[in-house]
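Letters go in sequence order (proteins before strands), and every chain restarts at 1. Worth saying up front: this structure is predicted, and the values here are computed from it rather than measured.
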Amino acid sequence: MRSSKRVFRDISMRAGWAVLVAFAAGSASAESVLTIHIEEQSSWVQNFNPFDLAGRRQSTMDFIYEPLVIFNAEDGGKPVFRLATDYKFSEDMKSVTYTLRSGLKWSDGQPLTSADVKYTIDLMLKNAALDTVGVGVGETVASVEAPSATQVKIDLKAVNSDFPETLADLAVVPEHIWKDVSDPVAFKNEKPVGSGPMTELRRFTPQVYEQCRNPNYWDAASLHVDCLRLPQISGNDQMLAILPEGNMDWIGSFIPQIDKTFVALDPDHNGYWQPPAETVAFQMNFKSGNEGNLEAYKDLNFRHAFSLAMDRTSMVDIAGFGYPVVNEHATGLPPRFETWRNKGAEGDKDAFMGFDTEKANKILDDAGYKKGADGFRTTPSGKPIAFAIIVPNGWTDWIDAVQIAVEGLRAAGINASVATPEYEQWRKQLIDGSFEVVMNSRADGATPFRGYYQNLSTAYGGRITGAPSRYSNPKLDALFDLYLKATSEDDHKKIFNDIQLLIADDFPVVPVFNGPTWYQFSSKRFTGWVTDKDPVMNPEDHDNNRMRLMHLLRLKPVS
Amino acid sequence: MRISSRRLGVYAVALAFAIVVNFILPRLMPGSPVDAMVAQLGPRATPAAVEAIKARFGAVDQPMLWQFVDYLKGLATLDLGVSVKYYPQTVVQVLGRSTLWTVFLVTTAIIFSLCVGVVLGAVSAWRRGGRFDTIVSPLSVIMISVPPVIVALTTLFVFAVSLRWFPVGYAYDPNLDPAFNFTFIGSVFAHAILPVLTLSPFLIGEFQTTMRSSMISVLGEDYVTMGRAKGLSHLTVMFGYGARNAMLPVLTNLALMLGAVFGGSIVTEIVFNYPGLGLTLYTASIARDYPVIQGQLLLMTLATLGANFLVDIIYGLVDPRLREAV
């Protein structure tokens with residue numbers, strides 16, 4: 001009981017402070033407050049530690065800590081320079097030098113210099129638990145120097161032309177604050193000093209918090225929103241219940257029957273755009289301990305038959321409420337990377353991407369997979385095939401999709417079933433390789449390269465959840481390596497064309513559909529929203545989308 | 001007021017049992033808090049990062065016995081560990097902020113239902129077989145058997161989402177800051193109305209049923225007949241003589257039902273996004289936040305034991321026969 005009193009007193013003290021601030025601001029003209037929903041929680045915890053991926057409020061990145069440079073996937077991966085004005089690789093590609101904007105300030109008025117950037121990266125190198133961008137992963141960064149107040153030189157251990165994209169997730173923190181933090185992992189950073197547009201916490205309660213204008217923001221001229229207001233929302237159902245109140249401006253939620261439940265509430269203002277995002281694919285475990293299954297997975301014929309047993313249309317329409325789109329290509333290239341598409345890797349090569357049980361059965365018959373008395377096939381060498389496809393418990397749309405996949409596989413005589421472990425267990429199985437087959441999406445970068453590299457290269461196999469298949473192909477690895485060492489966009493495109501060809505032929509995973517982006521908005525109070533008619537950037541307000549900063553800067557209050 | 005040492009012994013054994021079960025249960029479940037943390041780290045979970053997290057949560061592989069000793073030490077110092085979901089808040093902090101709301105909700109629901117249920121029970125016993133009784137008594141049975149989740153969803157849909165008479169969630173208007181003024185307290189009550197109404201049907205039904213049967217037997221007692229013979233008013237006899245003495249089984253029932261009330265409050269809090277223990281337990285279960293689950297189960301055990309203890313004492317106060325028997 002003692003502690004609950006303390007919590008209560010904390011809240012009341014903050015309340016007093018908020019009243020004071022509100023009083024002080026009262027004389028100014030009406031402020032524009034943007035109400036947004038970016039994460040689901042049953043209670044807000046005041047944690048703005050950018051290194052705490054699990055516990056931080058998801059308004060920490062971009063809004064409190066501005067990136068050096070952002071890459072816009074909807075614009076061919078072009079850089080949008082923020083704290084930095086430029087970056088250059090050295091001749092040998094072994095180091096990259098960033099130039100910072102001059103005159104940058106932290107929200108407390110102290111200058112933001114290259115020393116802060118160096119300090120932040122060094123902090124991550126010293127403390128692996130803080131390494132949120134992977135400067136130490138695979139021994140990426142050798143050392144960091146700050147030759148001048150606006151220059152940061154990062155020495156790499158190996159040539160890596162993809163490095164700046166990785167560094168887009170870096171939250172530069174102020175050295176003058178963090179050097180006194182004894183345990184940066186446990187630090188809650190309750191009163192953050194940052195570089196982004198919204199650094200001032202005016203109000204924080206378990207039910208709502210407000211993040212307001214940084215008084216020293218370098219790009220204040222572009223900023224027309226005074227405060228972000230984040231009400232606590234515990235889940236989709238809660239969202240459905242509060243939508244009719246019409247108080248939400250920017251939403252990133254799964255809303256079933258969105259035209260009826262959201263747009264119809266205020267057809268003049270409510271809108272959404274949910275363009276296809278990451279590719280969802282079935283991945284088989286190429287290091288499976290089950291001999292029969294392994295023999296099947298490694299056989300291209302089996303993978304082709306697997307793919308032909310997939311009723312992708314039903315997965316999209318029935319399991320996904322029509323929100324996802326079918327991925328029709330053996331390369332699995334996400335639609336958002338249209339400009340990277342290699343037409344040569346399509347057409348004939350997509351022959352196995354339809355839904356054709358008859359053809360699947362024929363391929364398996366011809367390849368020597370005989371049906372036993374129970375109606376299920378064995379491998380050509382006579383070993384049984386039986387596997388569960390794992391999908392996290394509670395992900396109802398995905399579970400339904402896997403259910404549909406299993407029906408198709410059984411119709412082709414393959415003994416498949418569904419298993420729904422808890423999410424954490426699911427992830428653990430992907431990492432330690434104790435699963436058989438999984439349906440999984442993979443994170444895209446600003447270009448399609450990162451998704452493919454982290455998904456299918458030997459280096460990443462089994463190390464991250466995006467690469468559970470443990471696929472290993474020296475020819476593909478060589479192409480990836482070539483790509484990392486290439487510097488021109490033309491070279492990158494050429495190499496990526498080869499990558500697509502190779503993948504379409506070897507068919508390591510079975511692509512099925514592309515999940516939607518979660519983005520809804522109301523233009524009642526703000527204009528400037530990204531829409532399908534103006535698809536200039538990923539519109540989501542979630543933590544994994546750096547471009548949300550640019551989206552915020554587009555918004556203007558309705559006068 | 002004294003309580004027999006044997007009775008105290010029973011409480012001690014129950015408490016010890018609860019503590020041991022509370023320790024073992026989470027360790028039998030698959031997964032661990034560290035797994036949960038690592039899962040949240042995603043692709044960045046390098047071996048070094050995983051080691052750092054393990055060290056932070058003290059999840060070094062040590063024998064069960066030592067873990068148990070550590071656990072007891074923690075209990076003694078009110079250190080129940082750190083929450084995984086709400087890290088770096090401690091379990092005590094997490095439970096602290098939720099407990100107040102649940103206690104408020106459950107207490108209000110119990111007091112409200114007790115008043116309504118007892119009066120309904122008393123009146124239907126007084127006029128048993130009458131029209132009032134034939135309507136109210138079957139209704140009670142229905143109210144007991146309808147699952148709380150249905151009541152909660154229906155109330156939410158009808159009164160909050162469709163009619164918009166009441167808020168759809170939260171413990172108070174998020175725009176307000178906690179303070180002791182009329183607006184804030186009013187907001188707290190406005191937000192509690194639907195959750196309380198959701199919790200009540202079951203309780204009212206139970207209280208009505210228990211009260212009715214207890215009252216019927218009391219009404220046959222000589223002192224009631226005497227009260228009537230003295231020419232006292234119906235109301236005085238019904239409540240002063242009958243209901244007062246018929247209350248005992250209702251109190252017993254209340255103690256037995258506490259667990260069910262908390263169970264109902266879990267569902268109610270989830271549906272109404274009410275920031276109490278129920279919502280916390282639900283979120284903690286989904287996030288595999290073992291320290292919080294463990295702390296909460298312990299808290300609930302203690303609450304139930306404490307409530308039984310309290311009822312024991314009240315019993316002694318209310319029933320003079322027991323007072324002398326001790």
Side-chain angles (χ1 to χ4, degrees), chain A residues 1-8 11-12 14-16 18-19 41-43 45 47 52-55 127-129 131-134 136-137 185-188 203 205-208 231-235 237-238 240-242 244-245 394 421-428 431 443 454 463-466, chain B residues 30-32 35-53 56 78 82-90 92-100 156-157 160-161 164 168-179 270-271 273 275 279-280 282-283 286-288:
Chain A
M1 273 298 107
R2 203 185 54 206
S3 74
S4 60
K5 263 187 202 150
R6 196 168 58 219
V7 169
F8 203 77
I11 294 171
S12 359
R14 263 181 235 130
V19 169
Q41 287 291 346
S42 54
S43 174
V45 174
N47 180 344
D52 184 356
L53 290 167
N127 195 337
D131 189 2
T132 51
V133 298
V137 173
V185 180
F187 182 46
K188 277 162 81 177
R203 188 157 178 262
T205 76
Q207 292 184 151
V208 70
Q232 169 261 330
I233 287 160
S234 62
D237 302 339
Q238 173 77 5
L240 278 181
I242 69 165
E245 289 170 358
E422 290 299 320
Y423 177 68
E424 281 77 14
Q425 280 300 305
W426 178 80
R427 292 198 74 141
K428 195 165 172 281
I431 297 284
Q454 298 193 346
R463 232 189 67 206
I464 64 171
T465 53
Chain B
S32 80
D35 288 344
M37 270 309 247
V38 171
Q40 280 173 310
L41 268 182
R44 287 105 173 194
T46 59
V50 173
E51 282 312 309
I53 289 164
R56 170 140 301 281
L78 260 188
V82 182
S83 162
V84 174
K85 171 79 181 173
Y86 300 109
Y87 175 79
Q89 282 191 338
T90 64
V92 173
Q93 281 173 322
V94 171
L95 296 183
R97 64 174 151 78
S98 335
T99 306
L100 271 184
L156 177 78
F157 183 73
V161 177
R164 313 231 120 241
V168 291
Y170 306 118
Y172 53 88
D173 184 346
N175 291 318
L176 297 174
D177 285 301
I270 295 168
V271 170
N273 189 29
L279 189 60
T280 308
Y282 172 72
T283 329
I286 287 182
R288 287 287 148 115

In terms of heavy-atom pairs under 4.5 Å, which option from A/A241, A/A443, A/P231 contacts chain B the most? A/A241
With a 4.5 angstrom heavy-atom cut-off, could you sort out which part of A/E245 is near chain B: side chain, backbone, both or neither? both
Is it the case that the side chain of A/Q207 and the backbone of B/Y172 share a donor-acceptor pair, with hydrogens and angles ignored and the cut-off at 3.5 Å? yes
How far does CD1 of A/I242 sit from OH of B/Y170, to the nearest 0.5 angstrom? 5.0 Å
Test A/V45 against B/R97 for side chain to side chain contact (heavy atoms under 4.5 Å, CB included), laying out the working first. CA-CA 11 Å; A/V45 174; B/R97 64 174 151 78; 4.1 Å; yes
Ignoring hydrogens, what is the shortest heavy-atom contact between A/S42 and B/T283? Give both atom names and the distance. OG-OG1, 3.0 Å
Side chain / backbone / both / neither for B/A171 at chain A, heavy atoms under 4.5 Å: both
Min side-chain heavy-atom separation B/R164-A/P244 under 4.5 Å: yes
For B/L176, check side-chain contact (heavy atoms from CB on, under 4.5 Å) against everything at least two apart and list the hits. B/D173, B/T183, B/F184, B/S187
For the student: nearest non-hydrogen atoms of B/V168 and A/Q238, plus distance: O-OE1, 4.0 Å
